[in-house]
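Read through the structure below, which is laid out as structure tokens, and then see the notes.
A note on names: the letters A, B, ... follow the listed sequences, proteins ahead of strands, and every chain is numbered from 1.
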There are 2 protein chains.
Amino acid sequence: MSKKLGILYGISVGTGDPELITVKGLRLLQKVSIVAFPAGINNKPGIAQQIIAPWLKVEQITLSLSFPYVQDEQELQQAWLKAAMEILPHLQQGQDVAFACEGDISFYSTFTYLAQTILDYDPQIKIETVPGICSPMAATSVLGIPLTKGSDRLVIVPALYHIEHLDQIFKNADVVVLLKVSSVYDQVWQILQQFQLLQRSWVVERATQRDQKIYNDLSDRPQLQLSYFSLLIVKVS
Amino acid sequence: MSKKLGILYGISVGTGDPELITVKGLRLLQKVSIVAFPAGINNKPGIAQQIIAPWLKVEQITLSLSFPYVQDEQELQQAWLKAAMEILPHLQQGQDVAFACEGDISFYSTFTYLAQTILDYDPQIKIETVPGICSPMAATSVLGIPLTKGSDRLVIVPALYHIEHLDQIFKNADVVVLLKVSSVYDQVWQILQQFQLLQRSWVVERATQRDQKIYNDLSDRPQLQLSYFSLLIVKVS
């Protein structure tokens with residue numbers, strides 16, 4: 001007789017405001033006995049953890065999983081493996097596990113790698129994901145502007161990987177969203193200046209979180225000290 | 001003494017599954033006395049209307065607003081004006097109005113034009129938007145694949161406007177989402193074949209709706225009869 005396996009739910013919990021979780025995400029989050037999330041840094045709670053805190057019940061078990069903010073492939077794989085091994089035994093014992101993911105779970109998310117690692121070890125595990133609010137939509141909502149309309153071409157890139165190609169990107173898009181812009185902001189500013197796009201650019205830091213910051217015109221801001229979760233929106237045309 | 005004006009809430013209600021509305025969107029939707037939404041075609045209820053149907057209360061007044069599916073600018077402007085004039089008197093009488101929008105309200109949404117038309121007539125009106133689940137995220141969730149990871153360049157375009165530039169788009173992206181693909185699907189298929197991308201492409205029709213359809217490999221599908229709300233995802237690299 002085969003044992004019943006638990007389901008791994010990948011639940012997008014949105015960008016910061018706890019009310020931006022979906023009704024479905026909230027229902028599943030509160031249904032499971034075990035809730036996992038990415039650990040915060042410097043002993044602070046992580047963003048997903050902060051978002052779901054008001055919704056959790058005291059009897060739910062929480063698993064705080066470490067994912068380093070590095071680009072080293074080997075170090076990342078070790079972290080995914082370690083996290084997978086913390087979740088897998090619960091699933092194999094038939095317990096459902098929810099993984100809470102900030103933003104949307106299909107959009108540049110650690111969950112993609114974690115889920116694949118779990119499936120590599122046990123292909124029988126069933127995984128279900130719940131989509132959520134991603135940062136470009138949250139940012140435009142708090143800015144009070146549309147992200148795209150009509151025939152707009154929208155390009156979204158993590159800025160730090162594509163800094164060399166930004167001029168090409170600006171030439172082929174109507175709207176550009178640069179994620180993870182903090183570490184390359186100075187360079188991005190120079191390129192925006194060349195293209196005369198500084199007045200058509202917005203930076204949103206921690207959209208919908210309590211300490212959200214908005215910069216509406218970048219003309220006088222060649223430098224900004226930004227946190228990791230900062231994005232830049234450019235209305236090219 | 002100035003009269004208190006109502007607030008216009010632009011509420012993203014997601015892609016089809018009523019549970020994919022956010023907790024915030026649902027709270028505001030149920031708080032207002034007047035709920036507006038785009039009318040359906042052929043006397044059928046519209047998508048946003050179907051999504052919110054289970055959440056509405058009997059005492060709420062509904063406004064079904066007509067927005068034609070045309071590209072004629074004058075005809076569109078007349079529709080926005082007519083819709084604005086149905087909503088504005090309620091706001092000016094101090095009543096809050098919720099406009100329910102399928103997908104995300106900042107993402108190629110009719111609400112953008114409606115809100116602007118209302119503001120043109122009465123700049124005092126306060127508008128608040130609630131972000132929501134947009135179709136690319138809903139589609140990848142039902143497909144069980146990530147939309148983007150790592151350093152991916154994501155390009156999103158409404159296919160029918162950009163059919164001539166698709167080869168250029170495929171050359172400069174890792175992931176491409178083609179919205180509104182139905183009317184140009186045959187031509188898109190030919191280009192995908194040239195680029196040998198047919199096996200790396202997915203079509204999702206009415207993601208998360210009851211009559212959702214998924215096409216996983218387009219190699220043997222040079223033609224597909226698709227509805228308006230169909231999108232195509234290409235994993236270029």
Are A/V142 and A/I214 close enough that some pair of their side-chain heavy atoms sits under 4.5 Å apart?
yes
Would you check if B/I47 and B/Q209 make a side-chain contact, meaning some heavy-atom pair closer than 4.5 Å?
yes
Max heavy-atom pairs within cutoff under 4.5 Å with chain B, candidates A/L20, A/D17, A/V177, goes to A/L20
For residues B/Y161 and B/K180, is any side-chain donor paired with an opposing acceptor at under 3.5 Å?
no
Identify which part of A/V130 has an atom lying under 4.5 Å from any heavy atom of chain B, answering side chain, backbone, both or neither.
both
Is A/I127 in contact with chain B via its backbone, its side chain, both, or neither, using a 4.5 Å heavy-atom distance?
neither
Just so I understand: if I count every heavy-atom pair under 4.5 Å between each of A/V175, A/V155, A/V157 and chain B, which residue has the most?
A/V155
Below 4.5 Å from any heavy atom of chain B, which atoms of A/T112 appear? Answer side chain, backbone, both or neither.
side chain
Of the backbone (N, CA, C, O) and the side chain (C-beta and beyond), which part of A/Y113 lies under 4.5 Å from a heavy atom of chain B, both, or neither?
side chain
Go through B/Q168, B/K24, B/R27 and name the one with the most non-hydrogen pairs under 4.5 angstrom from chain A.
B/K24
Side chains of B/Y185 and B/V203, heavy atoms from C-beta outward: is any pair under 4.5 Å?
yes
Mind ranking A/T15, A/I169, A/T140, A/T129 by heavy-atom pairs under 4.5 Å with chain B and telling me who comes out on top?
A/T129
Considering non-hydrogen atoms only, spot the tightest contact between A/S135 and A/L179 and give its length.
OG-CD2, 3.8 Å
Of the listed residues (B/V176, B/L154, B/T148, B/T208), which shares the most heavy-atom pairs with chain A below a 4.5 Å separation?
B/T148
May I ask you to test the A/W80-A/T110 pair for a side-chain heavy-atom distance under 4.5 Å?
yes
So which of B/M137, B/E128, B/Q71 has the biggest tally of heavy-atom pairs under 4.5 Å with chain A?
B/M137
Note, B/T22 side chain near A/V23 side chain (heavy atom, < 4.5 Å):
no
Heavy-atom contact with chain A under 4.5 Å, split by part of B/I145
backbone
Answer with side chain, backbone, both or neither: which region of A/L26 has an atom nearer than 4.5 Å to a non-hydrogen atom of chain B?
side chain
Taking side chain as everything from C-beta outward and backbone as N, CA, C, O, which of these in A/D152 sits under 4.5 Å from a heavy atom of chain B? Side chain, backbone, both or neither.
both
Please tell me if the side chains of A/Q212 and A/E205 come closer than 4.5 Å, counting only heavy atoms from C-beta onward.
no
Taking the six-membered ring for Trp, are B/F99 and B/Y9 closer than 6.0 Å centroid to centroid?
no
